[in-house]
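Sequence positions, counted from 1, serve as the residue numbers for this chain.
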Amino acid sequence: MREKDPIPDPQPDQKDDVEGVAAGADMPENHTEAGVENGAPVSGAIEDRLRRHFGQLTPSERLLADHLTRNFPVAGLGSMTLLAKEAGVSTPTVLRMVQKLGFRGYPEFQAQLRDEVEARLESPLSKQARWTGGAPQTHILNRFADAVLANLTRTLGQIDHADFDACAALLADPDRRIIVTGGRITHPLADYLVTQLGIVRPGVASLPSNSNTWPSVLLEMRRGDVLVVFDIRRYEAATLQLAEMAAEQGAEVVLLTDPWLSPIAHHARFRFAAQIQVPSAWDSTTALMVLVETLLAAVQQINWDQTQERMTRLEGLYERASLFRRGGKG
């Protein structure tokens with residue numbers, strides 16, 4: 001049963017008064033200064049804030065947060081009254097929740113939301129113009145390395161260890177088949193995961209990005225199989241459709257994405273967001289690759305006895321096929 005809000009829903013003629021509060025008028029006495037939480041600045045993407053604050057929300061606010069997450073970012077682009085109606089909560093509940101997220105009111109919340117949407121749609125040309133406009137004079141090698149290291153630190157720091165361990169256990173389960181796919185830019189990461197994970201355990205296959213091949217794969221997909229999807233901005237509609245159909249088939253979806261979260265997140269059991277921004281016209285996939293290699297190491301550790309036996313057999317096959325040279329110069 002939904003929590004009864006202490007403040008009643010506004011009547012139509014009260015709408016302007018309520019939205020006036022959202023614009024930054026009188027705040028609740030127990031509300032901290034906008035953008036500050038326990039003396040520290042509140043920052044980050046809206047979905048990150050929702051995840052961090054979820055445990056502090058009331059039942060009604062959690063209902064609202066769940067609606068926003070499942071319908072992100074579209075749900076937050078309309079009026080506060082419309083969002084409340086669609087989420088099944090009161091308008092004051094919307095106001096209280098956005099203030100808990102560190103915003104002065106709903107307009108400030110929407111302003112950041114629009115900025116995040118624009119960032120999702122940012123093209124390589126516009127990114128290059130932004131990076132070169134005020135670029136420092138230090139060498140590109142140093143600037144790029146600094147950005148990549150910062151991406152790795154932020155990415156690994158935001159991962160829930162319990163989720164990571166549960167995902168690794170899912171990928172290690174020999175009773176589940178693993179199907180991996182990616183987009184135009186991320187498909188090489190998908191191929192790498194298939195190659196390496198296929199050594200660690202059987203039942204791993206790559207799914208080409210060409211949608212003509214999907215129906216036959218979906219036909220054979222069983223409940224409990226795992227679809228691993230790579231999807232970073234600009235998100236691909238065909239990949240979203242594949243994830244939707246796989247989830248309908250009963251597959252578990254694992255998503256590796258960026259901080260703005262691919263729409264596939266709504267269908268994913270596990271989702272890991274990697275930082276991708278660097279001083280370049282293209283996004284960096286370095287943090288995503290680290291996630292892939294760490295997952296591989298975790299699965300290998302879980303299944304080490306089977307993995308060791310498979311690798312021993314594989315090395316014997318390599319030797320018989322004379323695939324690699326021995327003792328020669330490269």
Exercise. Measuring from L314:CG to E309:CD, what's the distance to the nearest 0.5 Å?
Worked result: 11.0 Å
Exercise. Can you find a pair of side-chain heavy atoms, one from V148 and one from V278, that are under 4.5 Å apart?
Worked result: yes
Exercise. Do side-chain atoms of W214 reach the backbone of P208 as a donor and acceptor pair under 3.5 angstrom?
Worked result: yes
For this session: Return the minimal non-hydrogen interatomic distance between G78 and Q110, and the atom names on each side.
Result: O-NE2, 2.6 Å
Exercise. Can you name the closest pair of heavy atoms from A287 and T155 and give their distance?
Worked result: CB-OG1, 3.7 Å
For this session: Determine, step by step, whether Y192 and L296 satisfy the side chain to side chain contact (heavy atoms under 4.5 Å, CB included) criterion, reporting the C-alpha distance in whole Å, the side-chain angles of both residues, the deciding distance to 0.1 Å, and the verdict.
Result: CA-CA 11 Å; Y192 178 82; L296 284 167; 4.0 Å; yes
Exercise. Considering only heavy atoms from C-beta outward, does the side chain of I302 approach that of T307 to under 4.5 Å?
Worked result: no
Exercise. Just checking, is any N or O donor in the side chain of T93 or R96 under 3.5 Å from an acceptor N or O on the other one?
Worked result: yes
Exercise. Where do L68 and M97 land on the side chain to side chain contact (heavy atoms under 4.5 Å, CB included) test, with the steps shown first?
Worked result: CA-CA 11 Å; L68 273 170; M97 193 196 74; 3.5 Å; yes
Problem set entry | Hphob cluster co-occupancy, F270 + L291, side-chain heavy atoms under 4.5 angstrom | yes
Exercise. What distance do L240 atom CG and H267 atom NE2 have between them, rounded to the nearest 0.5 Å?
Worked result: 5.0 Å
Exercise. Thinking salt bridges, do R51 and E47 make one under a 4.0 Å N-O criterion?
Worked result: no
Problem set entry | Shortest non-hydrogen separation from L63 to G88 and the atoms involved | CD2-O, 4.0 Å
Problem set entry | Reported CG-to-CG distance for the pair L193 and L171, which is rounded to 0.5 angstrom | 7.5 Å
For this session: Measure the shortest side-chain to side-chain distance between Q196 and Q300 over non-hydrogen atoms and say whether it is less than 4.5 angstrom.
Result: no
Problem set entry | L170 side, atom CG; D225 side, atom CG - distance, nearest 0.5 Å | 10.0 Å
Exercise. F230 and L189: which non-hydrogen atoms are nearest, and at how many Å?
Worked result: CE2-CB, 3.9 Å
For this session: Give a yes or no on whether V217 and V228 share a hydrophobic cluster (residues Ile, Leu, Val, Met, Phe, Trp, Tyr; joining criterion: side-chain heavy atoms under 4.5 Å apart).
Result: no
Exercise. Counting only N and O atoms by type, is there a donor-acceptor contact under 3.5 Å from the side chain of R233 to the main-chain atoms of D283?
Worked result: no
Exercise. Taking the six-membered ring of F109 as reference, does the NZ or CZ atom of R49 fall below 6.0 Å from its centre and within a 45° cone about the axis?
Worked result: no
For this session: Output yes when a side-chain donor or acceptor of T58 lies under 3.5 Å from a complementary backbone atom of E61, and no otherwise.
Result: yes
For this session: Spell out, as yes or no, whether a donor-acceptor pair under 3.5 Å connects the side chain of E86 to the backbone of A75.
Result: no
Exercise. Is the backbone N or O of L218 less than 3.5 Å from a side-chain atom of Q249, with the two atoms forming a donor-acceptor pair by type?
Worked result: yes
Exercise. Between N303 (side chain) and A172 (backbone), is there a donor-acceptor pair under 3.5 Å?
Worked result: yes
Exercise. Any chain of hydrophobic side-chain contacts (each under 4.5 Å) joining V117 to L82?
Worked result: no
Exercise. Quick one: are L242 and L227 in side-chain contact, heavy atoms under 4.5 Å?
Worked result: yes
Exercise. Is the shortest heavy-atom distance from the side chain of V94 to the side chain of Y106 under 4.5 Å?
Worked result: yes
Problem set entry | Check: K100 and Q56 side chains under 4.5 Å, non-hydrogen atoms | no
For this session: Please lay out, stage by stage, how I46 and F72 fare under the test side chain to side chain contact (heavy atoms under 4.5 Å, CB included).
Result: CA-CA 10 Å; I46 288 174; F72 193 87; 3.9 Å; yes
Exercise. Which heavy atom in T181 sits nearest to a heavy atom in L207, and how many Å separate them?
Worked result: OG1-O, 2.8 Å
For this session: Mind running side chain to side chain contact (heavy atoms under 4.5 Å, CB included) on R114 and L77 for me, showing each step along the way?
Result: CA-CA 8 Å; R114 285 191 292 269; L77 296 175; 4.3 Å; yes
Problem set entry | Exceeds 12 heavy-atom contacts within 6.0 angstrom, atom CD of E293 | yes
Problem set entry | Polar contact flag, side-chain donor to acceptor under 3.5 angstrom, Q112-E108 | no
Exercise. Taking side chain as C-beta onward, heavy atoms only, is L256 less than 4.5 Å from V292?
Worked result: yes
For this session: Please check if V254 and V229 belong to a single hydrophobic cluster, counting links between Ile, Leu, Val, Met, Phe, Trp and Tyr side chain heavy atoms closer than 4.5 Å.
Result: no
Seminar exercise, completed: When rounded to the nearest 0.5 Å, the distance separating CG of L83 from CG of L64 is 5.0 Å
Exercise. Judged by atom type as modelled, is there a donor-acceptor pair below 3.5 Å linking the side chain of R222 to the main-chain atoms of R176?
Worked result: no
Exercise. Can you find a pair of side-chain heavy atoms, one from Y235 and one from I264, that are under 4.5 Å apart?
Worked result: no
Exercise. When rounded to the nearest 0.5 angstrom, what is the spacing between CD in Q306 and CZ in R310?
Worked result: 10.0 Å
Exercise. Are M221 and V226 linked, directly or through other ILVMFWY residues, by side chains that come within less than 4.5 angstrom of each other?
Worked result: no
Problem set entry | Closest heavy-atom pair and its distance - L255, A265 | CD2-N, 3.4 Å
Problem set entry | Side-chain (T239) to main-chain (G183) donor-acceptor, under 3.5 angstrom | no
